[in-house]
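Residues: numbered from 1 along the sequence shown. Both ligands and their constituent atoms are indexed starting at 1 by order of listing. If you're wondering where the values come from, they're calculated on a predicted model, not measured in any experiment.
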Amino acid sequence: MSAGDKGLLVVVSGPSGAGKGTICKRLLETKDGLVASISVTTRKPREGEVDGKNYFFVSREEFMDMVERDGFIEYAEVYGNYYGTPRKFVEENIGKGKDVLLEIDIQGALQVKEKYREGVFVFILPPSMEELKQRITKRGTEDEKEILRRFEAAYREINYVSRYNYFVINDEVERATEKLRSIIIAEKCRVDRFKMKLIGE
Ligand code: 5GP
């Protein structure tokens, strides 16, 4: 029954500034058996970002080459750059029984949902839109035009919460992380997940 158990695919999205990055980082520090997928992007590295750690930074040509070779389980254009989740890492780790965390945008999450029905989809929400604006502004990594663009996108994106299985309001990082951890634990105890394994679906 336990041999050959597959890991859980946990997909986390939310508008820019909701704090999903911080929550995911915190969760990874404290949750055994959970690994983060590192995305491939055509975005230029920000100050302090490391290739192979934050992202794999590639050219458009390299990215499109991976698309052609079916190297992604999903990919999307976000704020003018491409981002994709490498297929090999995800499938290998899930196959080994590791839980895999994807922190990706909504377009990508919806693609994953089509293919991996058994995934768990969590939407991180800011405590309020006012707070969200402050967080996007305070981060200081984007210029004014980019801030406005991200804020407008956030307004639209929040409606997509209904396509997810869970929402977590990030009013306080520790509390939000604990909720996400609890969701994963509860998902692993679901009877229908267990049945899926028994009948080999
Ligand atoms: P940033 O440029 O701020 O690191 O990320 C911008 C957006 O791209 C965020 O919403 C982030 O979750 C999303 N993102 C990061 N990696 C991926 C990925 O592999 N696929 C998709 N679809 N979105 C991603």
Side-chain angles (χ1 to χ4, degrees), residues 9-28 35-60 62-67 69-94 100-116 119-126 132-133 135-161 163-164 166-168 170 176 180:
L9 185 61
V10 183
V11 180
V12 174
S13 315
S16 177
K20 54 187 187 304
T22 313
I23 296 173
C24 289
K25 197 163 158 257
R26 189 77 194 102
L27 182 71
L28 286 160
V35 290
S37 161
I38 300 169
S39 298
V40 177
T41 185
T42 60
R43 168 166 80 59
K44 296 274 165 292
R46 294 190 186 120
E47 177 103 24
E49 282 186 332
V50 178
D51 186 44
K53 185 165 173 259
N54 303 90
Y55 285 103
F56 293 106
F57 297 99
V58 298
S59 66
R60 272 191 182 228
E62 287 170 306
F63 192 95
M64 287 310 160
D65 192 47
M66 269 187 89
V67 171
R69 285 187 284 114
D70 201 23
F72 296 121
I73 64 168
E74 64 74 35
Y75 74 96
E77 192 179 349
V78 189
Y79 312 122
N81 295 300
Y82 285 101
Y83 296 80
T85 303
R87 177 182 302 285
K88 192 162 176 273
F89 178 88
V90 173
E91 292 184 346
E92 274 180 10
N93 277 282
I94 288 184
V100 176
L101 181 66
L102 307 186
E103 187 205 323
I104 60 176
D105 92 311
I106 296 164
Q107 309 167 67
L110 296 180
Q111 290 175 46
V112 176
K113 206 172 166 204
E114 292 284 310
K115 295 178 214 153
Y116 296 81
V120 185
F121 297 83
V122 183
F123 200 86
I124 308 291
L125 286 166
L132 184 80
K133 194 166 191 177
R135 287 184 192 170
I136 297 177
T137 313
K138 250 200 313 215
R139 194 153 66 181
T141 48
E142 279 84 25
D143 61 26
E144 221 165 286
K145 214 168 120 212
E146 185 60 28
I147 289 171
L148 195 66
R149 185 148 77 132
R150 289 194 175 213
F151 188 62
E152 283 170 359
Y155 247 104
R156 287 193 301 273
E157 284 172 1
I158 280 176
N159 295 317
Y160 281 92
V161 63
R163 309 284 295 270
Y164 286 68
Y166 296 91
F167 71 91
V168 170
N170 182 19
L180 186 51

Step-by-step side chain to side chain contact (heavy atoms under 4.5 Å, CB included) determination, Phe57 to Thr41: CA-CA 5 Å; Phe57 297 99; Thr41 185; 3.7 Å; yes
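The contact shell of ligand 1, taken as protein residues with any non-hydrogen atom closer than 4.0 angstrom, comprises Lys20, Ser39, Arg43, Arg46, Tyr55, Glu74, Ala76, Val78, Tyr83, Gly84, Thr85, Glu103, Ile104, Asp105, Gly108, Arg150.
When all heavy atoms of Ser37 and Leu102 are compared, the pair lying nearest together is CB-CD2, 3.4 Å.
The distance from the CG atom of Asn93 to the CG atom of Leu101 is 12.0 Å, given to the nearest 0.5 Å.
For Asn54, the side-chain contact (heavy atoms from CB on, under 4.5 Å) test picks out Glu49, Val50, with sequence neighbours left out. Among residues two or more places apart in sequence or in another chain, the salt bridge (Lys or Arg N to Asp or Glu O under 4.0 Å) test is passed with Glu146 by Arg149, Arg150.
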Only distances under 3.5 Å count here; give the side-chain donor-acceptor pairs of residues 70-79 to other protein atoms, sequence neighbours excluded, each with its distance to 0.1 Å.
{"from": "Asp70", "atom 1": "OD1", "to": "Arg87", "atom 2": "NH2", "distance (Å)": "3.2"}
{"from": "Glu74", "atom 1": "OE2", "to": "Thr85", "atom 2": "N", "distance (Å)": "3.4"}
{"from": "Glu74", "atom 1": "OE2", "to": "Thr85", "atom 2": "OG1", "distance (Å)": "2.5"}

